[in-house]
Novice: 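Dropping a structure here in structure tokens format, bear with me for questions.
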Protein chains: 2
Amino acid sequence: MSLRHALLGLLSDRPASGYDLLKLFDTSLANVWPATQSQIYTELTKLADDGLLSVSNEGSRGRKEYSLTDEGLAELRHWLTETKPKQSVRSEILLRVFFLSVLTPEQRRGYLDNLAAISAEQYDALRRLYDSMDWDEGNLSVQGKIALEYGLRFVTMRREWAEWAAEQINQG
Amino acid sequence: MSLRHALLGLLSDRPASGYDLLKLFDTSLANVWPATQSQIYTELTKLADDGLLSVSNEGSRGRKEYSLTDEGLAELRHWLTETKPKQSVRSEILLRVFFLSVLTPEQRRGYLDNLAAISAEQYDALRRLYDSMDWDEGNLSVQGKIALEYGLRFVTMRREWAEWAAEQINQG
DNA sequence: GTAAACATGTAACAGGTTACATGATTGT
DNA sequence: ACAATCATGTAACCTGTTACATGTTTAC
């Protein structure tokens, strides 16, 4: 049920509409907790029904601005402090590694080389994002920086691992 | 649809029953692509219907042993070489980082310290698994080793990052 | 006027989880 | 005899994705 909490979290910074939130998901949370337009609108309605959000303003074009209620903030805090994050484990990339033996040595090597290359590209993309960020807007800034650093370290680790694995498999 | 391919992959090594596969998921693939008993049995039936598997043997207690068909092997190879793995991005751990600002400095610090501690424990657990493994059984051995190395590097990276992040947040 | 952006909502489907339900065989 | 393990199957529910559907406002 983390989508709920992602919405509560974003609204803890400032009130926003479904449309605003959609864009926040597509930018700041895209690589952490993606969500679709459909999901966001459905969940906002439920959250308001449950009293965790309130419609604080209605604008033109049917725009509804949601605000976090006291109950919503309490729920957000409860989630952060009293529940354990479950680490999602599923990795299709790693799953494939298990079955590389059905391929030729060249194909195996190709898979890992490609993985290293992709990781290197992702590093560059994150690096560019890092450099282009305006590191001074709202509460999400410090945390955004920390999350980006995680991404940079992660793709670096994966590139190095893929390079190492390509060597290992070459010997086999 | 990776569960399909995980099953095909495991059966590329040797024929097995649903029950056998369930245990393979709970051991070798537990940290890569978990699956429930319910899911496995349902999918095996579908795969046999689709001709990618065949029931190669029926044993006592209703045991059905499945084998990969030529078509199944072709599908596995196709998946490995012609389709792109989609990297699952969702990370509840990272999502929480974004919203730490609603907590007190002590609570924030506690979250990251705990994350570092958990990562260190996971390192030890993987290390023990690594040391206890019999590195000489079947085709999955080399790949299993490579996957474990990934796990070791990943939790190390996460511990170091959490330690670094705790410092960053302390300054803010 | 018309295209782009704003803005919301719903329906069908796919994948995964939990729980229920049943029965056979082996080891002590 | 009894418990543990082997062995399979189904139903209800939850989450997430894709596609459909509609209408308004702004900028050129």
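Convention: sequence-line order gives letters A, B, ...; per-chain numbering from 1. This is a predicted model, so every value here is computed, not measured.
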Novice: Within residues 38-47 of chain B, find the residues that approach DNA chain C with a heavy atom at under 4.0 Å, and present them sorted by residue number.
Specialist: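 S38(B), Q39(B), in order of number.
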Novice: Mind listing the N/O atom pairs, protein and nucleotides 4-6 of chain C, below 3.5 Å?
Specialist:
from   : atom 1 : to     : atom 2 : distance (Å)
dC6(C) : OP2    : Y19(A) : OH     : 2.7
dC6(C) : O5'    : Y19(A) : OH     : 3.4
dC6(C) : O4'    : R61(A) : NH1    : 3.0

Novice: Of all the choices, dG9(D), dG9(C), dA7(C), which nucleotide is nearest to the side chain of D20(A) once you look at every atom?
Specialist: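 When the side chain of D20(A) is considered, dA7(C) is the closest of dG9(D), dG9(C), dA7(C).
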Novice: Does L3(A) or S60(A) map to a spot on DNA chain D nearer the 5' end, using the closest nucleotide for each?
Specialist: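 The residue whose closest nucleotide sits nearer the 5' end is L3(A).
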Novice: Starting at atom CG of L21(B), determine the distance to atom C1' of dC6(D), rounded to an integer number of angstrom.
Specialist: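 After rounding, the gap between these two atoms is 14 Å.
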Novice: Using heavy atoms to find the nearest nucleotide of DNA chain D for S2(A) and S17(B) separately, return the residue whose nucleotide is more 5′.
Specialist: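 Nearest-nucleotide comparison on DNA chain D picks S17(B).
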Novice: Is R96(A) positioned over the aromatic face of W79(B), cation under 6.0 angstrom from the ring centre and no more than 45 degrees off axis?
Specialist: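 Yes, cation above the ring, under 6.0 Å and within 45°.
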Novice: Rounded to the Å, how far apart are L22(B) CG and dT18(C) P?
Specialist: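 Value for this atom pair: 14 Å.
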Novice: Find the distance K64(B):NZ to dG23(C):C1' and express it as a whole number of Å.
Specialist: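 From K64(B) NZ to dG23(C) C1': 15 Å.
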Novice: Less than 4.0 Å between a side-chain N and a carboxylate O, is that true for R127(A) and D131(A)?
Specialist: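 Here D131(A) pairs with R127(A) in a salt bridge, since their nearest N and O are under 4.0 Å apart.
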Novice: What closest approach, in Å, do L29(B) and L95(A) show between heavy atoms, and which atom pair accounts for it?
Specialist: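 The pair with the smallest heavy-atom distance is CD1-CD1, 4.0 Å.
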Novice: Are OP1 or OP2 of dA14(C) and a side-chain N or O of R4(B) less than 4.0 angstrom apart?
Specialist: no
Novice: Quick test of your reading of the model: are R109(B) and D113(B) salt-bridged, counting only N-O distances below 4.0 Å?
Specialist: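 Judged by the 4.0 Å cut-off on N to carboxylate O distance, R109(B) and D113(B) do form a salt bridge.
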Novice: Write down the distance between CD (E58(A)) and P (dT8(C)), rounded to a whole number of angstrom.
Specialist: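 About 10 Å, once rounded to whole Å.
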Novice: Does the distance from a Lys or Arg side-chain N to an Asp or Glu carboxylate O, for R63(B) and E58(B), drop under 4.0 Å?
Specialist: no
Novice: Using a strict cut-off of less than 4.0 Å between a Lys/Arg side-chain nitrogen and an Asp/Glu carboxylate oxygen, indicate whether E43(B) and R4(B) qualify as a salt bridge.
Specialist: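 Between R4(B) and E43(B) there is a salt bridge, with a charged N closer than 4.0 Å to a carboxylate O.
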Novice: Separation of N57(A) atom CG from dA7(C) atom C1', in whole Å?
Specialist: 15 Å
Novice: Once you round it to whole Å, what is the distance between C1' of dT8(D) and CG of L7(B)?
Specialist: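 Nearest whole value for this atom pair: 15 Å.
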Novice: Any salt bridge linking E149(A) with K145(A)? Criterion: basic side-chain nitrogen under 4.0 Å from a carboxylate oxygen.
Specialist: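 Not counted as a salt bridge, because no side-chain N and carboxylate O are separated by less than 4.0 Å.
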Novice: Just the rounded figure in Å: distance from C1' of dA21(D) to CD of Q37(A).
Specialist: 11 Å
Novice: Is it the case that the side chains of E65(A) and S17(A) hold a donor-acceptor pair, with the cut-off being a distance below 3.5 Å and no angle test?
Specialist: no
Novice: Evaluate the side-chain proximity of Y150(A) to M157(B): yes if any heavy-atom separation is below 4.5 Å, no if none is.
Specialist: yes
Novice: Rounding to a whole Å, what distance do you find between R90(A):CZ and dG16(C):C1'?
Specialist: 7 Å
